[in-house]
Amino acid sequence: MPKSKESSVSSSGPTVHLEFLDEGIIALLTLDDFKGTNVMSPEMGDVFGRHIAVLQKDASVRAVIIRGAGKHFSIGGHRDMLVGLGKPGRSEKELHDFMLAFYCRWLPVLDLPMPVITVLQGDCIGVAPVFACTADVAIADETLKLQVTFGGLGLYPGMALPTLLTRKVGPYRASLMTMANEILTGREAERIGLVERCAPAGGAYEEALKTARAIGASAASVVRLLKKNLGIKMTDLASDLEMNAQQQARDFQTDEYRKRAANYLPDYYA
């Protein structure tokens, strides 16, 4: 069993487990809200951000794997949070600042000096597909059902998702994904280049571990330089993030958004 170097387990709230494999060469981050939905809450984001800060300084780690606990990767933001953001009485500045802070909990993953591999399985909904774009290598399980749901909510996408999707799959496919709320399977995500590989059901984590070990066998100095030259930094997205936060703050205040948010993901909140 992998040995955890840092305690992150809470019996009552969402967390992110940090473990180290292969004598510290590989770091494993597991999103876990103890409910099987791995909602990307501010609380989980706080833990995630602390772990990223630890990994930033760890010269021994050569690859990072990110996965979700259970059969689903994540259903994105919780409906209660989304409904709360639409309640009357909140100022546009307050909403803007909340969203910008939310982005900044998760996106520092882009600035890790070592490659990041994501394992996407089951439902990956809302903003959670951003993990297919922030990774250096994204590996899908055949069980993946990935859906960008912002358009259906009446909300402009946040987290620089339009820009990141365009970088991976091109503007026309990104348009279809963000405007039509289409659901992509793991094989379809591989076909369009959103993920680099799709593994048979139940095999994505092992495929990610195999890839991480192959990266770990390469010269660390070369890999880190490649990461620096091929990757995208959070600072590159500053103007996108500011625009996203401004637009989302406006969208939260519309009647259309409030109506749509109240009925968001009915199968999960029945």
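Counting from 1, the numbers follow the sequence of the chain as shown.
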Which heavy-atom pair separates [X] from [Y] by the least distance, and what is that distance?
{"X": "Met177", "Y": "Ile192", "value": "SD-CD1, 4.3 Å"}
{"X": "Cys133", "Y": "Leu161", "value": "SG-CD1, 4.4 Å"}
{"X": "Tyr264", "Y": "Thr149", "value": "OH-OG1, 2.6 Å"}
{"X": "Pro115", "Y": "Val223", "value": "CG-CG1, 3.4 Å"}
{"X": "Ala212", "Y": "Ile65", "value": "CB-CD1, 4.0 Å"}
{"X": "Ala189", "Y": "Leu144", "value": "CB-CD2, 4.4 Å"}

Quick check against the 3.5 Å criterion: does [X] have a side-chain atom that pairs as donor or acceptor with the backbone of [Y]?
{"X": "Arg62", "Y": "Gly216", "value": "yes"}
{"X": "Gln121", "Y": "His72", "value": "yes"}
{"X": "Arg260", "Y": "Gly152", "value": "yes"}
{"X": "Asp123", "Y": "Ile125", "value": "no"}
{"X": "Lys227", "Y": "Met114", "value": "yes"}
{"X": "Asn263", "Y": "Lys259", "value": "yes"}
{"X": "Asp141", "Y": "Gly122", "value": "no"}
{"X": "Asp136", "Y": "Val116", "value": "yes"}
{"X": "Gln246", "Y": "Glu92", "value": "no"}

Please answer: with hydrophobic residues joined when any side-chain heavy atoms are less than 4.5 Å apart, are [X] and [Y] in the same cluster?
{"X": "Phe73", "Y": "Ile183", "value": "no"}
{"X": "Tyr268", "Y": "Val83", "value": "no"}
{"X": "Leu164", "Y": "Leu176", "value": "no"}
{"X": "Met243", "Y": "Val130", "value": "no"}
{"X": "Leu112", "Y": "Met234", "value": "yes"}

Does a side-chain heavy-atom distance below 4.5 Å link [X] with [Y]?
{"X": "Ile117", "Y": "Ile139", "value": "yes"}
{"X": "Asp22", "Y": "Arg213", "value": "yes"}
{"X": "Phe131", "Y": "Ser74", "value": "no"}
{"X": "Asp251", "Y": "Phe150", "value": "no"}
{"X": "Phe20", "Y": "Leu28", "value": "no"}
{"X": "Pro88", "Y": "Arg258", "value": "yes"}
{"X": "Leu110", "Y": "Leu237", "value": "yes"}
{"X": "Leu100", "Y": "Phe98", "value": "no"}

Under 4.0 Å between a side-chain nitrogen and a carboxylate oxygen: does that hold for [X] and [Y]?
{"X": "Arg187", "Y": "Glu190", "value": "yes"}
{"X": "Asp236", "Y": "Lys233", "value": "no"}
{"X": "Arg197", "Y": "Glu207", "value": "yes"}
{"X": "Lys210", "Y": "Glu206", "value": "no"}

Quiz item: Taking atom types as modelled, is there a side-chain donor on Gln248 or Tyr257 under 3.5 Å from an acceptor on the other?
Solution: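 The criterion, which ignores hydrogens and geometry beyond distance, is not satisfied for Tyr257 and Gln248.
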Quiz prompt | Arg67 to Tyr205 six-membered ring, cation-pi geometry met (6.0 Å, 45°) | solution =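 Satisfied, under 6.0 Å and within 45°.
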Practice problem: Look at the aromatic rings of Phe102 and Trp106 and report parallel, tilted or perpendicular, splitting at 30° and 60°. | Solution: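 Tilted, since the angle between the ring planes falls between 30° and 60°.
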Quiz item: Asn38 and Ile75: side chain to side chain contact (heavy atoms under 4.5 Å, CB included), yes or no, with the steps?
Solution: CA-CA 7 Å; Asn38 303 323; Ile75 64 166; over 6 Å; no
Self-check item: Derivation and outcome, side chain to side chain contact (heavy atoms under 4.5 Å, CB included), residues Leu194 and Leu146
Solution: CA-CA 10 Å; Leu194 182 60; Leu146 182 146; 3.8 Å; yes
Quiz item: What do the steps show when you test Met44 against Val39 for side chain to side chain contact (heavy atoms under 4.5 Å, CB included), and what is the final call?
Solution: CA-CA 8 Å; Met44 182 186 281; Val39 168; over 6 Å; no
Quiz item: Roughly how far, to the nearest 0.5 Å, is the CE atom of Met40 from the CG atom of Leu31?
Solution: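 Between Leu31 CG and Met40 CE, I get 7.5 Å after rounding to 0.5 Å.
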Exercise. Would you give the length of the straight line joining atom CG of Leu226 to atom OG of Ser218, rounded to the nearest 0.5 angstrom?
Key: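 Leu226 atom CG to Ser218 atom OG measures 9.0 Å (nearest 0.5 Å).
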Quiz item: His78: what forms a ring-ring contact (aromatic ring centres under 6.0 Å, His included) with it, not counting sequence neighbours?
Solution: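 Counting only residues at least two positions away or on another chain, His78 forms a ring-ring contact (aromatic ring centres under 6.0 Å, His included) with Tyr269.
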Taking side chain to side chain donor-acceptor pair (under 3.5 Å) as the test, write out the residues that go with [X], two or more places apart.
{"X": "Thr37", "value": "Asp33"}
{"X": "Gln147", "value": "none"}
{"X": "Asn244", "value": "none"}

Practice problem: Name all residues meeting the side-chain contact (heavy atoms from CB on, under 4.5 Å) criterion together with Asp97; count only those two or more places apart in sequence or in a different chain, and write none if there are none. | Solution: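 Listed in chain order: Lys93.
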Practice problem: Any side chain to side chain donor-acceptor pair (under 3.5 Å) involving residues 155-176? Give me the pairs, sequence neighbours left out, ordered by first then second residue. | Solution: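 Non-adjacent pairs meeting side chain to side chain donor-acceptor pair (under 3.5 Å): Thr163-Asp240, Lys168-Glu196, Arg173-Glu182.
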Quiz item: Of Thr15, Leu29, Leu18, which meets side chain to side chain contact (heavy atoms under 4.5 Å, CB included) against Phe48?
Solution: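 Of Thr15, Leu29, Leu18, side chain to side chain contact (heavy atoms under 4.5 Å, CB included) with Phe48 is met by Leu29 alone.
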Quiz prompt | Full working for side chain to side chain contact (heavy atoms under 4.5 Å, CB included) between Ile66 and Val109 | solution = CA-CA 10 Å; Ile66 300 175; Val109 68; 3.9 Å; yes
Quiz item: Could you walk me through whether His96 and Glu242 pass the side-chain hydrogen bond (donor to acceptor under 3.5 Å, both in side chains) check?
Solution: CA-CA 8 Å; His96 163 278; Glu242 176 62 25; 3.0 Å; yes
